[in-house]
Chemist: 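The structure's right below; bear with me while I get my questions together.
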Amino acid sequence: MSIATLRTYVAEHTTCVEAGTGTTPIEFFDVNYKGDVEAAGLRQLVESAREGEFGSRVDLFDGKEHSYIELGGWIGSQDLALRLMALGCHLKIWKLLTPSNVLPADTPDDVKEQLSRMGMITVTYLPNEEQSDDGEINGKLSTEH
């Protein structure tokens, strides 16, 4: 399978909706899901598409943070990168970090937007055994949506 297969899957199984109206908030918009989506299927697609557009390589299961800018270069679209990040978070494959869930609640919206545009929307993989049933990860509250 290729990066094109992953792009098609994300495009067919996610939709962007106005911020505050969807299932998974991703700063610029929210993401909703359609059709049957499952973690095992998405994980397989991501693993088989490690080499992306323009020869770039990404391993979303390496435990490092990956920004939507990096993933946009890999998958060929920042929009699809954000939708992929939201989908993986929704399926509890990785943790989503955004200005809204890592900065203090009183951080001005314009600051959060500027930081988002600079790439401060990232995901990181955490193996399932590190996640407890109550949403904690190694004793810290999960930011998964």
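Sequential numbering from 1 along the given sequence is applied to the chain's residues.
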Chemist: Would a line drawn from the ring center of Y33 to the ring center of H90 be shorter than 6.0 Å?
Modeler: yes
Chemist: Kindly say whether F29 contributes a backbone atom to a donor-acceptor pair with the side chain of E18 at under 3.5 angstrom?
Modeler: no
Chemist: Between T122 and H66 (side chain of the first, backbone of the second, donor and acceptor by atom type, cut-off under 3.5 Å), is there such a pair?
Modeler: no
Chemist: With side chain to side chain contact (heavy atoms under 4.5 Å, CB included) as the test, would you mind laying out the steps for L103 and L115 before giving the verdict?
Modeler: CA-CA 10 Å; L103 297 176; L115 291 170; 3.6 Å; yes
Chemist: Measure across L60 and W74 and return the closest heavy-atom pair with its distance rounded to 0.1 Å.
Modeler: CD1-CZ3, 4.1 Å
Chemist: Distance check, rounded to the nearest 0.5 Å: Q78 atom CD versus R117 atom CZ?
Modeler: 10.0 Å
Chemist: Search all heavy atoms of T107 against all heavy atoms of K112 and return the closest pair with its distance.
Modeler: O-CE, 3.3 Å
Chemist: How close do T98 and L96 get, heavy atom to heavy atom, and via which atoms?
Modeler: CG2-CG, 3.8 Å
Chemist: Side-chain contact, heavy-atom cut-off 4.5 Å: D59 with R50?
Modeler: yes
Chemist: Tell me whether the count of non-hydrogen atoms from other residues, nucleotides or ligands lying under 6.0 Å of CD in E53 goes above 12.
Modeler: yes
Chemist: Any salt bridge linking E47 with R43? Criterion: basic side-chain nitrogen under 4.0 Å from a carboxylate oxygen.
Modeler: no
Chemist: Walk me through it: do L6 and L42 pass the test side chain to side chain contact (heavy atoms under 4.5 Å, CB included)?
Modeler: CA-CA 8 Å; L6 178 61; L42 180 60; 3.9 Å; yes
Chemist: Carefully, step by step, assess E27 and S100 under the rule side chain to side chain contact (heavy atoms under 4.5 Å, CB included).
Modeler: CA-CA 7 Å; E27 295 299 312; S100 292; 2.7 Å; yes
Chemist: Please name the pair of heavy atoms, one in D36 and one in Y9, separated by the smallest distance, quoted to 0.1 Å.
Modeler: O-OH, 3.9 Å
Chemist: Just so I know, are the side chains of V123 and I93 near enough to count as touching, which here means a heavy-atom distance under 4.5 Å?
Modeler: no
Chemist: When you look at V31 and T15, which way does the side chain to side chain contact (heavy atoms under 4.5 Å, CB included) test go after all the steps?
Modeler: CA-CA 6 Å; V31 177; T15 58; over 6 Å; no
Chemist: With rounding to the nearest 0.5 Å, note down the distance linking CG in L84 to CZ in R7.
Modeler: 12.0 Å
Chemist: What distance do Y125 atom OH and F61 atom CZ have between them, rounded to the nearest 0.5 Å?
Modeler: 7.0 Å
Chemist: Quick one: closest heavy-atom pair of I121 and P99, and the distance?
Modeler: CG1-CD, 4.3 Å
Chemist: Calculate, to the nearest 0.5 Å, the distance between atoms NZ and NE2 belonging to K34 and H13 respectively.
Modeler: 9.0 Å
Chemist: Identify whether L82 and V17 are in the same connected component of the hydrophobic contact network (ILVMFWY, side-chain heavy atoms under 4.5 Å).
Modeler: no
Chemist: Give a yes or no on whether the backbone of T23 and the side-chain of D30 come within a donor-acceptor separation of less than 3.5 Å.
Modeler: no
Chemist: Start with the C-alpha distance between S56 and E51, add both sets of side-chain angles, then the distance that settles side chain to side chain donor-acceptor pair (under 3.5 Å), and finish with yes or no.
Modeler: CA-CA 6 Å; S56 59; E51 185 167 325; over 6 Å; no
Chemist: Find out whether F28 and D79 are in side-chain contact, i.e. whether some heavy atom of one side chain is under 4.5 Å from a heavy atom of the other.
Modeler: no
Chemist: Work out which heavy atom in G72 is nearest to a heavy atom in A81; give both atom names and the distance.
Modeler: N-CB, 3.5 Å
Chemist: Is any side-chain heavy atom of E113 closer than 4.5 Å to one of S116?
Modeler: no
Chemist: Can you spot which of T14, T24, N32 makes a side chain to side chain donor-acceptor pair (under 3.5 Å) with R83?
Modeler: T14
